[in-house]
Number of protein chains: 2
Amino acid sequence: MLDATASHSPKACARNIRQVPGRALPTTTGQRIVAEFARRTDTRYGNRPTMKDVAARAGVGLKTVSRVVNGEPGVTPDTERRVQEAIEALGFRRNDSARVLRKGRTASIGLVLEDLADPFYGPLSRAVEEVARAHGALLINGSSAEDPDREQELVLALCARRVDGLIVIPAGHDHRYLEPEIKAGVATVFVDRPAGRIDADVVLSDSFGGAREGVAHLIAHGHRRIGFIGDQPRIHTAVERLRGYRAAMEDAGLPVDERWVSLGSTDPARVTAAAEEMLSGPEPVTAVFAGNNRVTVTAVRLLAGRDVPVALVGFDDIELADLLGITVIAQDAAALGRTAAERLFRRLDGVSEAPAQVELTTKLLARGSGEVPPPGA
Amino acid sequence: MLDATASHSPKACARNIRQVPGRALPTTTGQRIVAEFARRTDTRYGNRPTMKDVAARAGVGLKTVSRVVNGEPGVTPDTERRVQEAIEALGFRRNDSARVLRKGRTASIGLVLEDLADPFYGPLSRAVEEVARAHGALLINGSSAEDPDREQELVLALCARRVDGLIVIPAGHDHRYLEPEIKAGVATVFVDRPAGRIDADVVLSDSFGGAREGVAHLIAHGHRRIGFIGDQPRIHTAVERLRGYRAAMEDAGLPVDERWVSLGSTDPARVTAAAEEMLSGPEPVTAVFAGNNRVTVTAVRLLAGRDVPVALVGFDDIELADLLGITVIAQDAAALGRTAAERLFRRLDGVSEAPAQVELTTKLLARGSGEVPPPGA
DNA sequence: TAGGCCCTGGACAACGTTGTCAGGGGAATG
DNA sequence: CATTCCCCTGACAACGTTGTCCAGGGCCTA
């Protein structure tokens, strides 16, 4: 029996939404309920047994239960067995909130990044998680969406949860709001971009050097008019990479026409417009340096459709870039995450050194697109 | 002045590791310390002000501070100002651990998935995060690495933290260990694969239907010998997709040679071996259906180097697949996450319905590789 | 002017756990 | 047999917050 609303919706019909008899659930497009189970009953929600309950059932004291749960010594095998049975029977699970309150440490760290859906941050986050796991800590993720206010909101929420440490990929430029937190003992490491107006550990890729190398690579292959398309100028890496571009051009004694340079959103439409601009006119660029993975993707799409081949080097590696023959400056996202997390945990382990800035080197991967010579060469 | 160890390491020299004078930090490959800041002093770590401190400073009662912090009514503007000033001055931040202990809700949910570095799970996780954010909750991530024990360990750790809800992409097949948790009120939704031996909400992609459609597509283009390379047989989606493959073959009245079918790890070596196997011999397959994104990537690499074109359809979309002309069965990872999270929060909002299984439809994206006709056709 | 009501503020207990400390009982020793 | 010592166990306070409840004071009304 179809739900009336659903059956009258052409969209729903077209996509063959079925519902089993019973409660009508709001379905979004393309969603189909294929089975329902028996209704759950007898649930006394939110009423978990505590150590006190376990103690009562096992006929022992509260502290003895605590000892068993934490594997502390000084409990007779027989007593331990009784306690274990009671735990089993009641389905007891220690409440870590209370534990945290008492002990002061949460065994969790926070990671604030730009967007977890970006293929650059997935591996970074995973690397952080692995290090955290090795130290017995859980990871709380948050995406700032490149919004400084949201970054701050997230960071402070994590501090309120009393994470032991923080790893932040900054969206904003002023992190003084973190000063009281850091003073209070929240270890903090910034990644990918430096912290703003605050002394803290920073782990970066060498954006300047990488971009310089990439552009020099294009110059070495004969290009003299090279375009640069980067992310928004308030993002540190975007500016550094542009600086690398300019340095390489200057190293080679090449002039830079400002129409070849474009910093702005990585939105495909914007990138396309910028590229079209620098590829038109009497003196078009013969090569493009793409400032990050999203720009590279758009550039590849765009350049693939052109008659005159345009050389391309991109910052950041991309999946399948080898098959497409895209030359890139690769940075190791996982290494960034790992390095930052290791630094963080060394701090948590009590190592107290001055905050430092660490840079990881990048690597040029020549795959074809960067070795295309300029037309007529 | 170089650290002795570093300067004697050829690798380090080659990669130009420099260190500023001062504390020698253990550096990993390609890591360079480019700056150090002044040593921090005067830190009384782990000694944060409490509401009591704020109250004392503001000359009010403890509860009044609580009221201000939580925006509760019943505080004179003047009193509120005094309290705010004290909060400001002391750098007070509410301890949510204590709050959680008192209130019983953590405003956080847990997400256990396979691997955050997998491009399929990044968008899924992000989608969950967005829904969580809309409900004022934080997200704790964990990667099970496809290991049932690790999954259980993670899930129980999250339960111990008293997350309000759980979203799990199962690695194991038996989730009875979750029964006490669910009974105790931890809302749980499974995604991508069904829960094992337990009644719970499940949100899936239509793996069976998707694979069937993909294979039918190959058959429609003239293929009669089609290979299937999938993930390990203990993974539900792998089995479902294989089932879809068999159904499509049967629909068309085509026999299936078991040498064309391979379930196993997605390790490139294994996939390559399996593909080589089914592409050799007197009656090689003329088309391959790849069971997930990792298999597809390996298959593309492998097939790109062959003389005789082999048709390919892959399950899961991949970045740049459009440029490479790879035909895929796309599932919407973000929609999976969003749907699951929305279901979860409806439960948390007190809606009590029977657990249900929801399926999202997939979409065939024809881009070329799946439309290659068999040789001689 | 007296009574009552509302508004503000604070004292206190409770959330579930862990650290401290002290008591009791059994074994070993004089 | 008495004493000492050690091992096991449990009572109690404390972690920092919020919910409950009550007191005091100001204002309005009869």
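Residue numbering restarts at 1 for every chain, and letters A, B, ... go by the order of the sequence lines.
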For dT18(C), does OP1 or OP2 lie under 4.0 Å from any side-chain N or O of N70(A)? yes
Under 4.0 Å, heavy atoms only, any strand: does V100(A) hit a base, just the sugar-phosphate, or nothing? nothing
It should be established whether K103(B) places a side-chain nitrogen or oxygen under 4.0 Å from OP1 or OP2 of nucleotide dG19(D). yes
note: K63(B), atom NZ; dC12(C), atom C1'; distance rounded to Å ~ 12 Å
Distance check needed: dT17(D) C1' versus E72(B) CD, whole Å only. 11 Å
What is the separation between atom CG on N95(B) and atom C1' on dT18(D), rounded to the nearest whole Å? 13 Å
Donor/acceptor link under 3.5 angstrom from R67(B) side chain onto base of dG19(D): no
Rounded to the nearest 0.5 Å, how far does CD1 of I198(A) lie from CD of E179(A)? 5.0 Å
Establish whether the base of dG16(D) is bridged to the side chain of K52(B) by a donor-acceptor pair shorter than 3.5 Å. no
Output the rounded distance in Å from CG (L101(B)) to C1' (dG19(D)). 13 Å
Would you sort out whether E353(A) and R346(A) count as a side-chain contact (heavy atoms from CB on, under 4.5 Å), showing the intermediate values? CA-CA 10 Å; E353(A) 325 164 287; R346(A) 282 202 304 133; 3.5 Å; yes
Would you say T76(B) reaches dT8(C)'s phosphate, i.e. side-chain N/O to OP1/OP2 under 4.0 Å? no
In this structure, how many angstroms lie between the C1' atom of dA14(D) and the CE atom of M51(A), rounded? 16 Å
Between atom CZ in R162(B) and atom P in dG16(C), what is the gap in whole Å? 9 Å
Let me know which of L344(A), V131(A), L113(A) forms a side chain to side chain contact (heavy atoms under 4.5 Å, CB included) with I167(A). L344(A)
With respect to the phosphate group of dG10(D), does any side-chain polar atom (N or O) of T64(A) fall under 4.0 Å of OP1 or OP2? yes
With respect to the phosphate group of dA14(D), does any side-chain polar atom (N or O) of R102(A) fall under 4.0 Å of OP1 or OP2? no
Go nucleotide by nucleotide along DNA chain C from the 5' end; which of G59(B) and L62(A) gets its closest nucleotide reached first? G59(B)
Is the phosphate of dT18(D), meaning OP1 or OP2, less than 4.0 Å from a side-chain N or O of R94(B)? yes
Comparing A98(B) and G74(B) on DNA chain C - which has the more 5′ nearest nucleotide: G74(B)
Provide, to the nearest angstrom, the distance between the CG atom belonging to D53(B) and the P atom belonging to dC15(D). 11 Å
Tell me whether E342(A) is salt-bridged to R347(A), with the criterion being a basic N under 4.0 Å from an acidic carboxylate O. no
Taking OP1 and OP2 of dG9(C), is either one under 4.0 Å from a side-chain nitrogen or oxygen of T79(B)? yes
Show your working on side-chain hydrogen bond (donor to acceptor under 3.5 Å, both in side chains) between N141(A) and S125(B) and close with a plain yes or no. CA-CA 10 Å; N141(A) 279 87; S125(B) 176; over 6 Å; no
Base, sugar-phosphate or nothing for V69(A)? Non-hydrogen atoms, less than 4.0 Å. nothing
So what does S66(A) hit on the nucleic acid, given a heavy-atom distance under 4.0 Å: a base, only sugar-phosphate, or nothing? base
Without hydrogens or angle criteria, can the side chains of N70(B) and R99(B) be said to hold a donor-acceptor pair below 3.5 Å? yes
How many whole angstroms separate atom CG of D78(A) from atom P of dG26(C)? 15 Å
